[in-house]
Amino acid sequence: MDSELVPNSAFALVSALGSIGLLGAAEIMGEMFREHNDGSFLRMRILPRGTESWMFGKVLSFSVVNGFILVVVMSVGLLLFPDLRPASLADFLVLAASLVLSLVVLFPIGVALGSLVHSTLSLLVCLCLLCMLFFGAGTVSPISVFPKPLQWVTASTPIYWGAHAARSAVLPPELGSVEISGSFQPLIAFVVLTAWAVAGYIAAPRILRRSIRRETMGSVAAAREKIVSRGYA
């Protein structure tokens with residue numbers, strides 16, 4: 001990448017904003033692990049429409065907290081790199097849409113992974129997976145520096161396309177040459193992100209319900225016993 005056009009740090013900042021939903025996904029996974037151990041999931045199982053109410057509450061808190069973080073990071077980024085301001089209203093709308101879609105798409109992914117987390121080890125494995133996807137999706141450095149097989153794997157993820165859409169809104173068009181498509185393709189990015197969002201919100205509640213059905217008083221007691229004896233679940 002030509003650092004004379006845009007500093008590497010600015011490239012990484014824009015890409016990180018486009019994948020800001022990863023932070024929320026990790027947050028949701030941690031909350032679900034804690035609620036699994038304290039019996040919240042067991043209580044959710046016996047409440048009418050407990051899963052739907054939980055999902056609504058988490059979406060609301062997720063949006064507020066991560067929206068605030070997003071505004072703070074964007075404000076600091078514009079102070080450090082004033083040239084990253086969108087050049088037109090259309091670019092601003094593309095940037096805003098990419099940031100919102102990143103949050104929307106990665107929430108159900110966090111719920112799906114969180115449903116699989118039942119121990120400290122599995123939580124660490126899932127967090128490491130998210131970190132690998134983040135660093136491998138061309139967010140810190142252009143995806144073109146990675147081997148071709150890794151490029152195509154990461155190009156199928158919403159993390160890459162969220163960052164891609166954000167970059168297309170504020171970076172010079174010349175930098176599109178480092179993308180896997182050879183140019184910025186915001187329309188393709190939004191199609192991929194929308195498809196991931198639809199699939200995620202269909203699959204995540206079903207995965208969550210299946211996980212909740214396995215919750216029993218015995219499993220909660222066993223988790224608490226592990227915490228008492230070892231200091232962690």
Side-chain angles (χ1 to χ4, degrees), residues 1-25 59 62-63 66-67 69-78 80-110 130 133-146 148 150-202:
M1 185 181 71
D2 189 351
S3 59
E4 294 182 359
L5 291 175
V6 173
N8 292 335
S9 53
F11 179 92
L13 175 63
V14 175
S15 300
L17 283 174
S19 54
I20 191 69
L22 270 181
L23 183 63
V59 167
F62 176 90
S63 302
N66 289 279
I69 294 173
L70 184 59
V71 170
V72 171
V73 175
M74 283 185 64
S75 301
V76 174
L78 288 175
L80 295 175
F81 306 103
D83 292 339
L84 292 182
R85 290 189 178 93
S88 65
L89 177 60
D91 287 340
F92 174 79
L93 293 176
V94 170
L95 177 62
S98 68
L99 302 182
V100 170
L101 270 175
S102 174
L103 293 174
V104 169
V105 170
L106 291 169
F107 173 79
I109 292 177
L130 290 182
L133 289 173
F134 176 78
F135 287 108
T139 49
V140 178
S141 58
I143 194 173
S144 57
V145 304
F146 298 116
K148 281 291 183 181
L150 180 59
Q151 290 183 33
W152 287 107
V153 170
T154 55
S156 65
T157 67
I159 302 168
Y160 169 76
W161 288 106
H164 177 98
R167 290 193 292 268
S168 71
V170 298
L171 297 184
E174 295 85 352
L175 287 180
S177 60
V178 303
E179 303 291 341
I180 194 170
S181 57
S183 62
F184 289 126
Q185 301 289 340
L187 182 59
I188 295 177
F190 290 136
V191 169
V192 173
L193 290 172
T194 301
W196 270 96
V198 172
Y201 282 96
I202 291 175

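Basis for what follows: all heavy atoms, side chains included, without hydrogens, waters or symmetry-related copies.
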Compile the donor-acceptor pairs under 3.5 Å between side chains in residues 180-195 and protein atoms, sequence neighbours left out, one pair per line.
unit_1: Ser181; atom_1: OG; unit_2: Ser183; atom_2: O; d: 2.6
unit_1: Ser183; atom_1: OG; unit_2: Gln185; atom_2: NE2; d: 2.9
unit_1: Thr194; atom_1: OG1; unit_2: Phe190; atom_2: O; d: 2.7

Could you walk me through whether Ile20 and Leu103 pass the side chain to side chain contact (heavy atoms under 4.5 Å, CB included) check?
CA-CA 7 Å; Ile20 191 69; Leu103 293 174; 3.8 Å; yes

Could you work out, with side chain to side chain contact (heavy atoms under 4.5 Å, CB included) as the rule, every residue matching [X], not counting sequence neighbours?
X     : value
Leu23 : Asn66, Ile69
Ser75 : Val71
Leu80 : Val76

Given the rule in the side chain to side chain contact (heavy atoms under 4.5 Å, CB included) test, do Tyr201 and Val104 qualify, once you have shown the distances and angles that lead to the verdict?
CA-CA 9 Å; Tyr201 282 96; Val104 169; 3.7 Å; yes

Value for CD1 (Ile159) from CG (Leu133), rounded to nearest 0.5 Å, stands at 4.5 Å

So CE of Met74 and CG of Leu99: to nearest 0.5 Å the spacing works out to 6.0 Å

Apply side chain to side chain donor-acceptor pair (under 3.5 Å) to Ser98 and list each qualifying residue two or more places apart in sequence or on a separate chain.
none

Ignoring hydrogens and angles, tell me if any N or O in the side chain of Ser168 forms a donor-acceptor pair with the backbone of Ala165 under 3.5 Å.
yes

Could you pull out the closest heavy-atom pair between Gly21 and Leu106, with the gap in Å?
C-CD1, 3.4 Å

Can you name the closest pair of heavy atoms from Trp196 and Pro158 and give their distance?
CE2-CD, 3.4 Å

Please collect all salt bridge (charged side-chain N to carboxylate O under 4.0 Å, His left out) contacts where either partner lies in residues 187-202, sequence neighbours excluded, each pair once.
none

Do Glu179 and Tyr160 get their side chains close enough for a donor-acceptor pair, meaning under 3.5 Å?
yes

